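Atoms considered below: every heavy atom in the structure, side chains included; atoms not considered: hydrogens, waters and symmetry mates. This structure is a prediction, so every number in the text was calculated from the model and none was measured.
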2 protein chains.
Amino acid sequence: MSDRRRTNGNSESVDNYLKAILTLGGPAETRVTSTALAERLEVAPASITNMLQKLAAAEKPLVEYERHRGVRLSSAGKKRALEVVRHHRLIETFLYEVLDYPIEEVHEEAERLEHFISERFEERIAAKLGHPKIDPHGHFIPTMEGHMPLQASVKLAEVVEGGTFVIDSVDDRDARTLKQLEANGIKVGAKLRLKPRTATEGYSVNIGRSAKALDLSREMAGDIRIVPAQK
Amino acid sequence: MSDRRRTNGNSESVDNYLKAILTLGGPAETRVTSTALAERLEVAPASITNMLQKLAAAEKPLVEYERHRGVRLSSAGKKRALEVVRHHRLIETFLYEVLDYPIEEVHEEAERLEHFISERFEERIAAKLGHPKIDPHGHFIPTMEGHMPLQASVKLAEVVEGGTFVIDSVDDRDARTLKQLEANGIKVGAKLRLKPRTATEGYSVNIGRSAKALDLSREMAGDIRIVPAQK
DNA sequence: CCTACCTATTAGGTATACCTAAATCGTTGA
DNA sequence: TCAACGATTTAGGTATACCTAATAGGTAGG
């Protein structure tokens, strides 16, 4: 429909490809496959190939791409991806803190607006928020210079040994699950006791000092990242 | 570039056409010519014809259009146009009041964001601002129901008789001129004495109780709307 | 009344970002 | 090794929203 012609090679779509490659590549920035991108972006694999070829062929390529071997971000691509992530997370924080959005609604709005705000907007909301380092889901907000610490946490779903943990962050993409988490008092920074996986079928946890065990759904367990609690 | 496919017939472009037709049609909602639209939207006349045909041919037409006879908004089109104007003016107000934007920068940002904010965003910034009726340029903000009072003022450039007036509103589209106005203390609500046009070449005014006459450029005079001061 | 001129429309083309269907590449198990 | 399968790419098509150039419509002056 639209045709915003941002003269350069940027666009909403390109932004989303770059973000997806950043996320799927992980901290090691391994190559990402077309299929993985196709799934994440909900787009046909053929469309992925097309876009990647274009991004790689540009004068200032945003990705490194070789047929049948996946993609990774170029340094320009990584810069832009981090900028978009910064926008996203600042906007989420702003919606939550200043506009009192329910936590589960910030992602969708940010997902749209992240592509269209100006430098000035970015700077002003950052200032208003006191230059936050973490968004309401516990994710690091990249700096203006494009730096972002590693998220040193693991998915609750992948933890086998039991123990006491602190909730590091939660995935923001699925509003339904996020709302469930919220409803059960599962929020960033909360303490949680986890039963060893061997002892139980699903994921059984106690939130805070609650005596009542809570059974997490697969989605919930997959969307929570935790770190061991310091004694 | 982008391709936001908002399933229905809405899009950034469509929004802009509707807004332009609303504005150019004036309060009488007279038919607007292709040429006028082409100029306002800075698009080739042929493109206008194309778009108008599509808008008129839709299942739920947004405009009434007859070849060679201009367009006017359908009631659905008017509703959408007013919604976009509401977004625009609320965003401007928000940027100015909450994010401390310089007055001359709010328009451009609002012009982009107006197309992408959700109902919730609209509602939240309106609430935050105390449901304002007027934006920082003095323009009425359409209500949620799509009502907007007439701007009962005239362009300073079109006033011949001299006298004392109050600045009702200023045009927001030209940042350069707006900045000049601001720099000269010309702001909404300010009182102003205007010399009769016969007595002078250009537009000579005294702002507030200033004794120093100020000569307005053509652009400045065209961008200011005034009402007679009540005694 | 009828032509000249300006306005508006049609015709045909571009770029982005998708799609489906039909190749082809690569790796893996027999 | 090599065939088969799944992953990937190529080929060809759609829709939006633009563009330029060529045609047609309307109107105003002679």
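Within the 4.0 angstrom heavy-atom criterion, only backbone atoms of the sugar-phosphate kind lie near B:S34; the bases stay farther away. Note on B:T49: a base of the nucleic acid sits closer than 4.0 angstrom, heavy atoms only.
In this structure, B:L55 atom CG and D:dA17 atom C1' are separated by 12 Å, rounded to whole Å. As rounded to whole Å, 16 Å separates atom C1' of C:dA17 from atom CD of A:E42. Atom CG in B:L41 sits roughly 10 Å away from atom P in D:dC19 (whole-Å rounding). Following rounding to the nearest Å, A:E39 (CD) and D:dG6 (C1') show an atom-to-atom distance of 13 Å. One atom, OH of B:Y65, and another, C1' of C:dT9, lie 7 Å apart when rounded to the nearest Å. Counting to the nearest Å, the P atom of D:dA11 and the CD atom of A:Q53 are 10 Å from each other. In this entry the distance linking NE2 of B:H68 with P of D:dA24 reads 11 Å, nearest Å. Per the geometry, CE belonging to B:M51 stands 8 Å off C1' belonging to D:dT16, to the nearest Å.
Looking at which nucleotide of DNA chain C each of A:R67 and A:Y17 is closest to, the 5′-most match is held by A:Y17. Annotation: of the two residues near DNA chain C, A:V43 and B:P45, the 5′-most nearest-nucleotide partner is B:P45.
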Salt bridge (charged side-chain N to carboxylate O under 4.0 Å, His left out), that's the test. Do B:R80 and B:E83 meet it? Break it down for me. CA-CA 5 Å; B:R80 176 61 187 161; B:E83 197 183 325; 3.2 Å; yes
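Note on residues 42-63 of chain B: no pairs pass side-chain hydrogen bond (donor to acceptor under 3.5 Å, both in side chains), not counting sequence neighbours. The side-chain hydrogen bond (donor to acceptor under 3.5 Å, both in side chains) analysis of residues 137-151 of chain B, with sequence neighbours excluded, yields the pairs B:E92-B:H137, B:T143-B:E145, B:Q151-B:D168.
Using a 30° and 60° split on the angle between ring planes, A:F94 and B:F94 fall in the perpendicular class, above 60°.
One finds no side-chain N or O of A:S11 lying less than 4.0 angstrom from the OP1 or OP2 phosphate oxygen of C:dT16. For C:dC18, one of the phosphate oxygens OP1 or OP2 lies less than 4.0 angstrom from a side-chain nitrogen or oxygen of A:S13.
Surrounding NZ of A:K78 are at most 12 heavy atoms belonging to other residues, nucleotides or ligands under 6.0 Å away.
For A:A46, whose side chain is taken as the heavy atoms from C-beta onward, the closest listed nucleotide among D:dT10, C:dT16, D:dC18 is D:dT10.
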